[in-house]
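Shown next, in structure tokens, is the structure this report addresses.
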2 protein chains.
Amino acid sequence: MTEKRRSRVTLQQVANHAGVSRATASLVVRGSPHISKETREKVLNSMKELGYVYDRVAANLRSHRSSTVGLIITEIGNPFFSDLLAGVHESLDQEGYTVILGTTFDSPAKQDELLSTMLEYRVGGVIMSPVPGCSVDMVERLKQWGIPVVLVAREELPMRQFDYVGIDNVAGGRLATKHLIQQGHRRIAFIGGFSGSSVWRDRKKGYCEALEQAGIELDESLLIQSLTTRKGGMEAMKRALELPNPPTAAFCYNDVVAFGAMLGLKEVGMMPGRDIAIVGFDNIQESAIFHPPLTTIAAFPERIGVHAAHILHKRMTGETSEPKRLILQPELVVRESSSGIPHSS
Amino acid sequence: MTEKRRSRVTLQQVANHAGVSRATASLVVRGSPHISKETREKVLNSMKELGYVYDRVAANLRSHRSSTVGLIITEIGNPFFSDLLAGVHESLDQEGYTVILGTTFDSPAKQDELLSTMLEYRVGGVIMSPVPGCSVDMVERLKQWGIPVVLVAREELPMRQFDYVGIDNVAGGRLATKHLIQQGHRRIAFIGGFSGSSVWRDRKKGYCEALEQAGIELDESLLIQSLTTRKGGMEAMKRALELPNPPTAAFCYNDVVAFGAMLGLKEVGMMPGRDIAIVGFDNIQESAIFHPPLTTIAAFPERIGVHAAHILHKRMTGETSEPKRLILQPELVVRESSSGIPHSS
DNA sequence: TTACATATTGTAAACGAGTACATGAAATGT
DNA sequence: ACATTTCATGTACTCGTTTACAATATGTAA
């Protein structure tokens, strides 16, 4: 505390020091072409000398622009979202935006709260992964205020009115299930997740389609919901094993659930990939190094983030075309967890 | 685009609608006790009716306060940091702060850039994990402006002038190495990381201390640096195995490196925990589910985040005591990766 | 009734910048 | 030499709040 606490240097002070008016200094700061070289340099020197720092907050207030964007995700804990965040962040950084982050933990109340906060902070745009059962009102409100919103990863409600970037979950479910069928399985469980979410319904739809195509009848008891956590996956798998006629394979809601399921198997002495086949969803980094390595559906979270950021940027700079829907195609990544031959039936 | 784009409702409009002055409305917004119940309700009603939203940006500008804090970390990809982020985020959320995020990828230039940006955005405080070799100037500058800074996880340079929350890396290194020695190992490599970072030096110090205490001489060739990524760990392990007298155990810079090292082992047909013992550092969630489960040193990233947030909050609300140093004690978590008995010597 | 304390509410000047418009000087054309 | 254009800079108002300070209303004691 030996240094005296400096207060903010204002543009006015810079202007005085350089012997020009504040307006001129402002033009210099913003790199206007209507300023002579000499004046520009005079001002720049004064800025350096006084240690001026631009006040983006004041500037945004006056100019009705905003260089911050809000990013609302479910939780950082899930690598799917931290990858998505990385993608968004990197792209927006490049364009000079600053991101403010919020996590909903799938609570609609928290989501509304976050949206309010972002509104209060004058964000220029929002990228969000909506919570299941989220009401469209709040999001509508943002749009009414001219704040563009890009939805990612999940598509809840009739939100066709917004830009959306995600993957084709139906195709993903189909890919996963087909793969298991090709491996010779006929009793395939769909494990984890919550039927309230659009993602679950889509993946299940793909699952059903693949079954139907192979002439396998859907057995509702093989649809085992759970929290989308490791623990949830573990419990769901245990419930599956307790079934009178247990499955020989499982398509898991996502990789995290799949990890849980595999841990559950190991606990009762079964080996995923040998005693029972497992397929996950997302292809998060960990899935390659799990033991056994997890067969999964690549969902490219980082790419989703990059695209969303890109669309948002365009909206924020005035593009007003129809809402875009960008649906990435998932890819099957075969590893060892699905190599097992069914024991029975 | 059928809805008309609304523009911001101002406090003035609310005041007019309620038939009071703007100042009164302002007091209501901020919950001042000097307002009669009736007026308060009148104003609150008008707010609701007009759809008023508080403009925190304008408010902060005027009041010289700020309810945003900057969080600067190395990368989200490493679960250590995403856990830290989760801790910070949760605590600050509760106190009503909003966090803006930046990642340096260990580039000093990027770090300076981020600090500048945060300055421009009038953050009220900063929590950062400094990059190795970072200059103190920029951070000093923040402090001169009265913006409190809390350092986390890494302690670079002579930064005793700042608040700091981290863990005792020396003790951690000692714990890990001691454990391996107790398992009967005498040739123990220290794998991964970069000697330029304070964390590396501290963990190495603990490693050396444990060796010395056991009467084992330090073999410099067993200090194998690498990038702190999975790939880096893999390469480092391969280099270790090519040594004329390879190690029977490895203490890895962190869990991510340890994963890489274990993958490297598997590639050449060796089994971590049987053919060679591995200990990691951080105890990220994945370490429990890796195969084999990783023995590691728990570093409690989330707890670090929570504490840092707490200290920052106190600083932002006026506490001016001496810089605090909060050093958490690491804990050894024994799992299967370190259970191997050394083959030779 | 007058004076005075007390509880409220209003007035007006900030905060630090952007920007339309006016002004002035220099450069050009005739 | 004068009118006209071009370029650079200054004037003055604005964004939506906070906050000293002044002003009003209400109630109470003398």
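Numbers restart at 1 for each chain; the letters A, B, ... are given by sequence-line order, proteins then strands.
Contact annotation: Tyr121(A) side-chain N/O to dG16(D) OP1/OP2 distance is not under 4.0 Å. The phosphate of dG16(D) has neither OP1 nor OP2 within less than 4.0 Å of any side-chain N or O from Arg62(A).
Over its length, the helix from dT1(C)-dA30(D) to dT30(C)-dA1(D) turns its helix axis by 50°, as judged from the five terminal pairs at each end, rounded to 10°.
Between Thr317(B) and Glu95(B) there is no side-chain heavy-atom pair separated by less than 4.5 Å. Using a 4.5 Å heavy-atom cutoff, the side chains of Leu115(B) and Ile72(B) are in contact. Contact of the Asp55(B) side chain with the Arg122(A) side chain is registered, since non-hydrogen atoms from C-beta on lie closer than 4.5 Å.
In this structure, CZ of Arg122(B) is placed 14 Å from P of dT18(D), rounded to the nearest angstrom. Rounded to whole Å, atom P of dT17(D) lies 12 Å from atom CG of Leu119(A). Summarising the geometry, the separation between CG on Asp55(B) and C1' on dT14(D) is reported as 14 Å, rounded to the nearest angstrom. Atom CG of Leu61(B) is separated from atom C1' of dT18(D) by 10 Å (rounded to the nearest Å). If you take CZ of Arg30(B) and P of dT17(D), they are 11 Å apart, rounded to a whole angstrom. Atoms CD (Gln12(A)) and P (dA12(D)) sit 13 Å apart, rounded to a whole Å.
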So which protein N/O to nucleotides 7-10 of chain D N/O distances come out below 3.5 Å?
residue : atom : partner  : partner atom : Å
dT9(D)  : OP1  : Thr39(A) : OG1          : 2.4
dT9(D)  : OP2  : Thr39(A) : OG1          : 3.1
dG10(D) : OP2  : Ser21(A) : N            : 2.4
dG10(D) : OP2  : Ser21(A) : OG           : 3.0
dG10(D) : OP2  : Thr24(A) : OG1          : 2.7

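With salt bridges taken as basic N to acidic carboxylate O contacts below 4.0 Å, one links Glu113(A) and Lys110(A).
Nearer to the 5' terminus of DNA chain D, by closest-nucleotide assignment, is the contact made by His64(A) (compared with the other of His64(A) and Ser26(B)).
Counting only residues at least two apart or in different chains, ring pair (Phe, Tyr, Trp, His ring centres under 6.0 Å) contacts with residues 77-122 of chain A comprise Tyr97(A)-His313(A).
Contact annotation for Leu11(B): backbone-only contact, meaning every heavy-atom pair under 4.0 Å involves sugar-phosphate atoms and none involves a base. Here Val28(B) lies out of heavy-atom contact (under 4.0 Å) with every strand.
Interatomic distance, Asp137(B) CG to Asp112(B) CG, rounded to the nearest 0.5 Å: 8.0 Å. Note: Lys314(B) NZ to Met316(B) CE = 14.5 Å, rounded to the nearest 0.5 Å.
Applying the side chain to side chain contact (heavy atoms under 4.5 Å, CB included) rule to Thr10(B) yields the partners Gln12(B), Gln13(B); only residues at least two apart in sequence or on another chain are considered. By the side chain to side chain contact (heavy atoms under 4.5 Å, CB included) test, Arg65(B) pairs with Ser63(B), sequence neighbours left out.
On the nucleic acid side, DNA chain C has its first and last nucleotide under 4.0 Å of a heavy atom of chain B at dT8(C) to dG16(C), going 5' to 3'.
The side chain to side chain donor-acceptor pair (under 3.5 Å) test with Asp163(B) is passed by exactly one of Lys324(B), Arg315(B), His307(B): Arg315(B).
Residues Ser36(A) and Glu38(A) bring no donor and acceptor atom of their side chains to less than 3.5 Å of each other.
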